[in-house]
Visitor: 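Handing you this structure, nothing more for now.
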Amino acid sequence: MAKMRVLLSGYYGKGNGGDEALLATLLQMLPLDVTPVVLSGNPEETHRHYGVECYNRMAFFSVFKALRSCDAFVWGGGSLMQDATSTISPFYYGGLMALAQVMGLKTVAWGQGIGPLLRSQTRFLAQQNFAGCTQVSVRDVASSRLLSDWSIPHILAPDPVWALKSKPVPELAELPKPRIAVTLRNHPQLTENRLTNLTQALVNLQKETQAFILLLPFQKSEDLGIAEKIHTQLQDVSRVICSEDPQILKGVFRGVEMSIGMRLHSLIMAASEGSRCFALSYDPKVNHLMEDLKIPGWDLKDLPEDVELISKTWIDYYHHGESLSDTKIQSLVNGAFLHRDLLSKVLK
């Protein structure tokens with residue numbers, strides 16, 4: 001009997017550590033007797049890294065051919081249906097899902113964070129897409145509430161990346177301890193002035209704690225410039241660490257005392273490896289995580305202008321804050337495997 005072929009669609013092959021982590025976790029969770037086929041922004045690189053069949057996500061005829069050759073279609077995690085950062089994105093993903101449903105494929109919305117949906121057209125499209133799915137899983141309470149309002153059956157479980165296996169990072173062995181990890185990204189809310197204040201507060205935090213600072217760009221195009229800028233102010237006591245491998249990225253957080261992050265998956269990876277987390281939110285998905293896990297932090301737009309206040313808050317948290325308990329981490333990891341159970345149920 002031929003193996004079931006499953007087409008995976010997400011923001012893959014764009015060098016974003018969080019989305020690559022979702023793909024790595026999805027491939028880890030797929031039933032062994034299915035053949036994954038991936039739509040990627042860089043099919044050669046995705047094929048090289050994961051050894052799977054890949055097609056260019058923007059080449060319509062290749063995508064259509066891939067859809068015709070598959071038995072199931074999976075939206076592979078993340079905030080695919082949102083129109084806050086792009087008006088085109090929801091129509092791309094929604095169009096693919098609608099096409100897969102019209103063609104009679106089994107369809108799964110997997111590990112989704114839905115919204116913001118600011119426009120009535122995208123809201124309508126999202127509602128139709130989710131209603132037509134064979135199975136749906138979401139990663140936060142707000143997404144679950146929205147689907148409940150639409151009377152769409154679904155499961156709510158922690159983000160799949162909680163269950164991603166991390167790898168040890170040999171190059172860390174030579175770096176001093178204790179360590180603090182920092183992941184900032186380019187964003188309109190991270191103004192020059194705010195970045196200057198955060199950088200000065202990091203310098204103060206480092207002096208007070210004598211910690212070594214790990215600067216982690218999750219997406220080189222958006223994060224590397226900022227990491228390098230901060231590094232110039234902390235030259236001998238920091239290191240910029242780049243990796244395209246999400247399991248290594250997650251492994252960097254092992255043994256890190258405290259993590260300061262804008263990116264959702266930097267906070268999830270850090271928390272899952274037992275680091276204390278402090279969030280700088282630019283997006284509702286980060287606020288949802290802060291609420292769910294009671295992670296302290298600031299909305300970037302409300303960041304204090306007083307550098308001393310930022311420094312003092314971080315120093316106090318470094319000395320007195322608590323990471324998630326081992327029991328809580330294990331319960332989140334176990335919960336994330338509900339996304340795997342859903343795949344096993346549909347893809348048979």
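This chain uses plain numbering: 1 for the first residue, then up along the sequence. Since we're looking at a predicted model, the values are computed, not measured.
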Visitor: Could you pull out all donor-acceptor pairs under 3.5 Å where a side-chain atom in residues 284-295 meets a protein atom, sequence neighbours excluded?
Guide:
from: Asn287; atom 1: OD1; to: Ser281; atom 2: OG; distance (Å): 2.6
from: Asn287; atom 1: ND2; to: Asp299; atom 2: OD1; distance (Å): 2.8
from: His288; atom 1: ND1; to: Pro284; atom 2: O; distance (Å): 3.3

Visitor: Could you walk me through whether His265 and Thr183 pass side-chain contact (heavy atoms from CB on, under 4.5 Å), step by step?
Guide: CA-CA 10 Å; His265 285 104; Thr183 303; over 6 Å; no
Visitor: Once the angle between the rings of Trp314 and Trp298 is folded into 0 to 90°, is it parallel (under 30°), tilted (30 to 60°) or perpendicular (over 60°)?
Guide: tilted
Visitor: Applying salt bridge (charged side-chain N to carboxylate O under 4.0 Å, His left out) to Lys312 and Asp316, what does each step give before you reach the verdict?
Guide: CA-CA 6 Å; Lys312 183 179 182 311; Asp316 285 351; 2.9 Å; yes
Visitor: Quick one: closest heavy-atom pair of Asn204 and Ile315, and the distance?
Guide: O-CD1, 4.3 Å
Visitor: Once rounded to the nearest 0.5 Å, what's the spacing between atom CG of Leu195 and atom CG of Leu184?
Guide: 7.0 Å
Visitor: Would you give the length of the straight line joining atom CG of Leu164 to atom CG of Leu26, rounded to the nearest 0.5 angstrom?
Guide: 11.5 Å
Visitor: Quick one: list whatever passes salt bridge (charged side-chain N to carboxylate O under 4.0 Å, His left out) with Lys65, sequence neighbours left out.
Guide: none
Visitor: Can you list every ring pair (Phe, Tyr, Trp, His ring centres under 6.0 Å) pair that touches residues 182-229, not counting sequence neighbours?
Guide: His187-Tyr282
Visitor: When hydrophobic residues are tied together by side-chain contacts of less than 4.5 Å, even through go-betweens, does Leu99 share a cluster with Ile88?
Guide: no
Visitor: May I ask you to decide if Thr107's main-chain N or O and Thr134's side chain share a donor-acceptor pair within less than 3.5 Å?
Guide: yes
Visitor: Would the distance check show the side chain of Arg185 and the main-chain N or O of Glu222 forming a donor-acceptor pair, the cut-off being under 3.5 Å?
Guide: no
Visitor: Determine whether Leu172 and Ile241 make a side-chain contact, defined as any pair of heavy atoms from C-beta on separated by less than 4.5 Å.
Guide: yes
Visitor: Check whether any side-chain N or O of Asp71 sits under 3.5 Å from a backbone N or O of Arg5 as a donor-acceptor pair, and report yes or no.
Guide: yes
Visitor: For Lys229, what residues pass the side-chain hydrogen bond (donor to acceptor under 3.5 Å, both in side chains) criterion, not counting sequence neighbours?
Guide: Glu192
Visitor: Are the side chain of Asn129 and the backbone of Gly94 linked by a donor-acceptor contact shorter than 3.5 Å?
Guide: yes
Visitor: For Arg340 and Ser137, test the side chains for any donor-to-acceptor distance below 3.5 angstrom and give the result as yes or no.
Guide: no
Visitor: Taking C-beta and beyond as the side chain, do Tyr318 and Pro178 meet within less than 4.5 Å on heavy atoms?
Guide: yes
Visitor: Is it the case that the side chain of Glu45 and the backbone of Ser40 share a donor-acceptor pair, with hydrogens and angles ignored and the cut-off at 3.5 Å?
Guide: no
Visitor: Drop me the distance from Leu347's CG to Met29's CE, to the nearest 0.5 angstrom.
Guide: 13.0 Å
Visitor: So which atom in Leu39 and which in Ser9 form the shortest heavy-atom distance, rounded to 0.1 Å?
Guide: CD1-CB, 4.2 Å
Visitor: List the residues meeting ring pair (Phe, Tyr, Trp, His ring centres under 6.0 Å) with Trp110, not counting sequence neighbours, and say none if there are none.
Guide: His339
Visitor: For Leu303, is there any backbone N or O sitting under 3.5 Å from a side-chain donor or acceptor partner on Arg194?
Guide: no
Visitor: Taking side-chain hydrogen bond (donor to acceptor under 3.5 Å, both in side chains) as the definition, give me every residue that meets it alongside Ser166, ordered by chain and number, with sequence neighbours left out.
Guide: Arg254, Glu273
Visitor: Apply side-chain hydrogen bond (donor to acceptor under 3.5 Å, both in side chains) to Lys167 and list each qualifying residue two or more places apart in sequence or on a separate chain.
Guide: Asp245
Visitor: To the nearest 0.5 Å, what is the distance between CG (Leu96) and CG (Leu67)?
Guide: 6.5 Å
Visitor: Would you name the heavy atoms of Ala66 and Tyr55 that are closest together and state the gap between them?
Guide: CB-CD1, 3.8 Å
Visitor: Might you point out which heavy atoms bring Arg139 and Ser79 nearest each other, and give the distance in Å?
Guide: NH2-OG, 3.1 Å
Visitor: For Arg263, give me all partners under salt bridge (charged side-chain N to carboxylate O under 4.0 Å, His left out), at least two apart in sequence or on another chain.
Guide: Asp223
Visitor: Can you name the closest pair of heavy atoms from Gln135 and Val346 and give their distance?
Guide: CG-CG2, 3.0 Å
Visitor: When you look at Arg239 and Glu174, which way does the salt bridge (charged side-chain N to carboxylate O under 4.0 Å, His left out) test go after all the steps?
Guide: CA-CA 12 Å; Arg239 173 82 62 89; Glu174 72 205 52; 3.6 Å; yes
Visitor: To the closest 0.5 Å, what do you measure between CG (Leu205) and CD1 (Ile310)?
Guide: 11.5 Å
Visitor: Below 6.0 angstrom between ring centroids: does that apply to Trp162 and Phe337?
Guide: no
Visitor: OG of Ser311 to NZ of Lys207: how many Å apart, nearest 0.5 Å?
Guide: 10.0 Å
Visitor: Between Val333 and Ile329, is a side-chain contact (heavy atoms from CB on, under 4.5 Å) present by the stated rule, with each step listed?
Guide: CA-CA 6 Å; Val333 171; Ile329 293 169; 4.3 Å; yes
Visitor: Who are the side-chain hydrogen bond (donor to acceptor under 3.5 Å, both in side chains) partners of Thr122, not counting sequence neighbours?
Guide: Asp83
Visitor: Quick one: which residue pairs count as a ring pair (Phe, Tyr, Trp, His ring centres under 6.0 Å) with a foot in residues 118-160, not counting sequence neighbours?
Guide: Trp75-Phe130
Visitor: Are any side-chain N or O atoms of Ser238 and backbone N or O atoms of Ile213, one a donor and one an acceptor, separated by less than 3.5 Å?
Guide: no
Visitor: Over all heavy atoms of both residues, which pair between Leu118 and Ala84 is shortest? Give the atoms and the distance, please.
Guide: CD1-CA, 4.2 Å
Visitor: Determine whether a donor-acceptor pair (N or O, by modelled atom type, separation under 3.5 Å) exists between the side chain of Tyr12 and the backbone of Pro43.
Guide: no
Visitor: Using atom types as modelled and distance alone, determine if a side-chain donor or acceptor of Lys106 lies under 3.5 Å from a backbone N or O of Lys348.
Guide: yes
Visitor: Applying salt bridge (charged side-chain N to carboxylate O under 4.0 Å, His left out), name anything that partners Asp341, two or more places apart in sequence or on another chain.
Guide: none
Visitor: Going by atom type alone, with no hydrogens or angles, which donor-acceptor pairs under 3.5 Å involve a side-chain atom of residues 15-23 and a protein atom two or more places apart or on another chain?
Guide:
from: Asn16; atom 1: OD1; to: Gly18; atom 2: N; distance (Å): 2.9
from: Asn16; atom 1: OD1; to: Asp19; atom 2: N; distance (Å): 3.3
from: Asn16; atom 1: ND2; to: Asp19; atom 2: OD2; distance (Å): 3.4
from: Asn16; atom 1: ND2; to: Gln219; atom 2: OE1; distance (Å): 3.2
from: Glu20; atom 1: OE2; to: Gly13; atom 2: N; distance (Å): 2.7

Visitor: Hey, is the main chain of Leu117 close enough, under 3.5 Å, to the side chain of Gln82 for a donor-acceptor pair?
Guide: no
